[in-house]
Q: 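Starting off with a structure, shown below.
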Amino acid sequence: MIGKAFKLSAFSRGTFWPIFFEIRTTLPCFQCSSFSSSRKCGGNDSKNKPERKKKGGGSDSKKTHSKDVCGGGGKPNKDKSSEGKLKGEIYTKGTSINKECKKDYKLGISEDCGRLGSSKYGGRKLTSADICATVGQRSCPGSKPTKDDKVIKGKKGWWSDVEMGPPDAILGLTEAFNRSKDDRKVNVGVGAYRDDNGEPYVFSCIREAEKRLLAKALNKEYIPIVGTVEFCKLCVELALGEGSPPIKNGNYCAAQALSGTGALRIGAEVIQRLSNGNKEIFFPTPTWGNHARVFTHAGLKINKYRHYDEKTNSFDYDGSLQDIEKIPESSVVLFHACAHNPTGVDPPQKQWESLSKLVKQKNLLSFFDMAYQGFATGDFNNDAFAPRQFVKDGNQIMLAQSFAKNLGLYGERVGCFSIVTSSKEEAESLLSQIKIIIRGMYSSPPIHGQRLVAEVLKDPELRCIWECELGAISSRIIKIRKDLRQKLEALGSKKDWKHITDQIGMFCFTGLTEEQAVRLTKEFEIYLTKNGRISMAGVTSKNVDYIAKCMHEVTK
Ligand code: KET
């Protein structure tokens, strides 16, 4: 443990940052393909030579691009040597624009986009209308609609019947939070980890993996439709345990996915298109708000079974057994592998064992949503108990893994979808069909995030740092749960808040009513979902007093 902590502190002190910055500053500018990140991106720099940014120079190259490149302020370029090459790629013959604008991808959006070099335009400023004419379009995004755009062949416009959709119940909260200018605002809506200063956290093992990847200067070729074999195997090993029988015997197939949601979506499509069973899936109640959408979008029927007992604030074991018992044979049943969202309440191991037997006996297909491995107890093996037990009992499970929370790769969208099969041959056939499904949805997965995950999973040193960090994260969450409960009790609240410390993982299902939750948001700027779920990861030692006071206020 001491060894772990020592290594972690070396990384978190940022010893690799100088190297990282050095590499970053010599990367080519993505808009003009020069190496400069100084004021101009090629147009007026003396000889178009690659230029190294000074360490810590910090000029915001994006800002420079939007202001200087597309602001029309650049002088016409006199250096003819590099003209023509890129121009030819973007503009049709006869038209050229000066270099500042040659690789501006916002074509048509800006009214004033540099100057035209061609004699046809007499060196005047280029407008979006000129660009439209140049690229052979009638109108460009951002330009005013024409009469023809509004009416399609005398009928309604293409999209004129589209109604405004409601904001997303979870991600919409972050949008509202970002819009608010109130100093009191607190975001405990989305399940994304924050450190005790309320800042997003990038794992040190990921920073180090990034550094190692940069040093390798790898290419950006397409990866296989289902991701690399190495990545998929590492993921399944993490979930089922190295050397577990399906891995040893090749009785599984797996595909890289767009994080946990993408993995669920592939699974939904696989059930809909390939399964011999019922096209109906049963969710625990309550469940993650997005489950229903993911599965109905693939055409499946959705249904439910009991999970949470509001009276005891614990897992409704009898209720779930009774409900699962009634599920028609050959249906699909979804389980949260650990750290159930939103309740933070999981079945104890003994109850998982009974559930597994029941599922096997009823010939149900279990689909595990595993978005929080390592977050429930800080231990990967503990948190994987349920899927491992189901496999041990001979259930051919489906599994959706996410690295959003347990490796902090939210925006990288890295996950894995897998199925345990009855034979190697079945796995091969299934994989061939999964490839066809994925190819038709998004062709192939992104390359960067999976490289980071593989780097961490296969390197014992990085893995050790990862475990140590996850341990620290879950300890902070456990501590802040205690603090919140204590503060509420100290304020004299008559309600029982024991469940705050009993629940595990990222969320606390507070028991607040929708009305109370809405009051917290409207009156006190505390952004939480309407079902009363609080992301404990957003509670810090600075805002815990305020949150407790407001929770007490709305529950008096
Ligand atoms: N399953 C569960 C149970 C889950 O809580 C989430 C995300 C996901 C899957 C999907 O995560 P992905 O980022 O696709 O790997 N939950 C949090 C974020 C969200 O709603 O998208 C949340 O509940 O706040």
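Remember, it's 1-based here, ligands and their atoms both numbered in the order they're listed.
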Q: Could you identify the single nearest non-hydrogen protein atom to atom 10 (C) of ligand 1 and state the distance to 0.1 Å?
A: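 The closest one turns out to be Thr261 OG1, 3.3 Å.
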
Q: State if Phe403 counts as touching ligand 1 under the rule of any non-hydrogen atom under 4.0 Å.
A: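 Flag not set, Phe403 not near ligand 1.
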
Q: Does a side chain donor of either Asn395 or Ser356 reach within less than 3.5 Å of an acceptor in the other side chain?
A: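 Yes - a donor-acceptor pair under 3.5 Å links their side chains.
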
Q: Between the side chains of Glu515 and Arg519, is the shortest nitrogen-to-carboxylate-oxygen separation below 4.0 Å, so that they form an ion pair?
A: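 Salt bridge absent between Arg519 and Glu515.
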
Q: Need the ligand 1 atom indices (1-based, order shown) with element for anything under 4.0 Å from a heavy-atom of Gly260.
A: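 Here the atoms of ligand 1 in question are 12 (P), 14 (O), 15 (O).
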
Q: Can Asn290 be said to touch ligand 1, with heavy atoms closer than 4.0 Å?
A: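 So Asn290 does not count as touching ligand 1.
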
Q: Which of the atoms in ligand 1, numbered in the order shown and given with their element, are less than 4.0 Å from a heavy-atom of Ala404?
A: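 Matching atoms, with element in brackets: 13 (O), 15 (O).
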
Q: In terms of residue, atom name and distance, what is the protein heavy atom nearest to atom 2 (C) of ligand 1?
A: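 Scanning the protein heavy atoms, the shortest distance from atom 2 (C) of ligand 1 goes to Asp369 OD2, 3.4 Å.
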
Q: Looking just at side-chain N and O atoms, do Ser443 and Tyr222 make a donor-acceptor pair shorter than 3.5 Å?
A: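 No pair is found: no donor N or O on one side chain lies under 3.5 Å from an acceptor on the other.
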
Q: With heavy atoms under 4.0 Å as the rule, classify the contact between Tyr410 and ligand 1 as side chain, backbone, both or neither.
A: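 No part of Tyr410 comes within reach of ligand 1.
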
Q: Give a yes/no on ligand 1: does Met506 have at least one heavy atom closer than 4.0 angstrom to it?
A: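 Not so, Met506 does not reach ligand 1.
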
Q: Checking a contact table here: which protein heavy atom is nearest atom 20 (O) of ligand 1, and how many Å away?
A: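 Going atom by atom, the protein heavy atom closest to atom 20 (O) of ligand 1 ends up being Trp288 NE1, 3.0 Å.
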
Q: Between Thr228 and Pro224 (side chain of the first, backbone of the second, donor and acceptor by atom type, cut-off under 3.5 Å), is there such a pair?
A: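 Such a contact is absent between Thr228 side chain and Pro224 backbone.
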
Q: Within the side chain of Gln373, is there an N or O that forms a donor-acceptor pair under 3.5 Å with the backbone of Phe380?
A: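 It does hold such a pair.
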
Q: State, without any angle test, whether Asn278 and Ser330 hold a side-chain donor-acceptor pair at a distance under 3.5 Å.
A: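 There is no such pair (donor and acceptor under 3.5 Å, judged by atom type) between the side chains of Asn278 and Ser330.
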
Q: Determine whether the side chain, the backbone, both or neither of Ile170 has a heavy atom under 4.0 Å from any heavy atom of ligand 1.
A: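 The answer is the side chain.
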
Q: Could you identify the single nearest non-hydrogen protein atom to atom 12 (P) of ligand 1 and state the distance to 0.1 Å?
A: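 The protein heavy atom lying closest is Ser259 OG, 3.3 Å.
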
Q: Of all the non-hydrogen atoms in the protein, which one sits nearest to atom 24 (O) of ligand 1, and at what distance?
A: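 Of the protein heavy atoms, Gly191 N, 2.7 Å lies nearest.
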
Q: Say whether Gln516 and Thr555, considering side chains only, have a donor N or O and an acceptor N or O under 3.5 Å apart.
A: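 On atom types as modelled, these side chains do not qualify, holding no pair under 3.5 Å.
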
Q: For ligand 1, is any non-hydrogen atom under 4.0 Å from Val190's backbone (N, CA, C, O), its side chain (CB onward), both, or neither?
A: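 Looking at Val190 and ligand 1, atoms from backbone and side chain both fall under 4.0 Å.
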
Q: Can you tell me the protein heavy atom closest to atom 13 (O) of ligand 1 and the distance?
A: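 Going by distance alone, atom 13 (O) of ligand 1 is nearest to Arg413 NH1, 2.9 Å.
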
Q: Does His340 reach ligand 1, in the sense of a heavy atom lying below 4.0 Å from it?
A: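 Checking ligand 1 against His340, which is what was asked, there is no heavy-atom contact under 4.0 Å.
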
Q: Assess the side chains of Thr261 and Ser259: does a donor N or O sit below 3.5 Å from an acceptor N or O?
A: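 Judged by distance alone, the side chains do not pair up.
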
Q: Keeping Lys279 on the side-chain end and Gln272 on the backbone end, is there a donor-acceptor pair under 3.5 Å?
A: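 Indeed, once roles are kept as given, a pair shorter than 3.5 Å links the two residues.
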
Q: If only side-chain N and O atoms count, and only distance matters, is there a donor-acceptor pair under 3.5 Å linking Glu525 with Tyr527?
A: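 The answer is yes; a qualifying pair exists.
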
Q: Among all protein heavy atoms, pick out the one at the shortest distance from atom 18 (C) of ligand 1; state its residue, atom name and that distance to 0.1 Å.
A: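 Nearest protein contact, heavy atoms only, for atom 18 (C) of ligand 1 is Lys405 NZ, 3.5 Å.
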
Q: Counting only heavy atoms, which portion of Arg533 has something under 4.0 Å from ligand 1: side chain, backbone, both, or neither?
A: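 The answer is the side chain.
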
Q: Do the ring planes of Trp352 and Phe368 sit parallel (below 30°), tilted (30 to 60°) or perpendicular (above 60°)?
A: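 Judged by the thresholds at 30° and 60°, the geometry between Trp352 and Phe368 is tilted.
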
Q: Do any nitrogen or oxygen atoms of Ser402 come within less than 3.5 Å of a nitrogen or oxygen of ligand 1?
A: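 It does: an N or O of Ser402 is found under 3.5 Å from an N or O of ligand 1.
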
Q: What part of Ala371, side chain from CB on, backbone N/CA/C/O, both or neither, has a heavy atom under 4.0 Å from ligand 1?
A: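 It is the side chain that gets close, since no backbone atom is under 4.0 Å.
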
Q: Verify, without hydrogens or angle tests, whether Ser535 (side chain) and Phe507 (backbone) share a donor-acceptor contact under 3.5 angstrom.
A: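 No: the side chain of Ser535 does not pair with the backbone of Phe507.
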
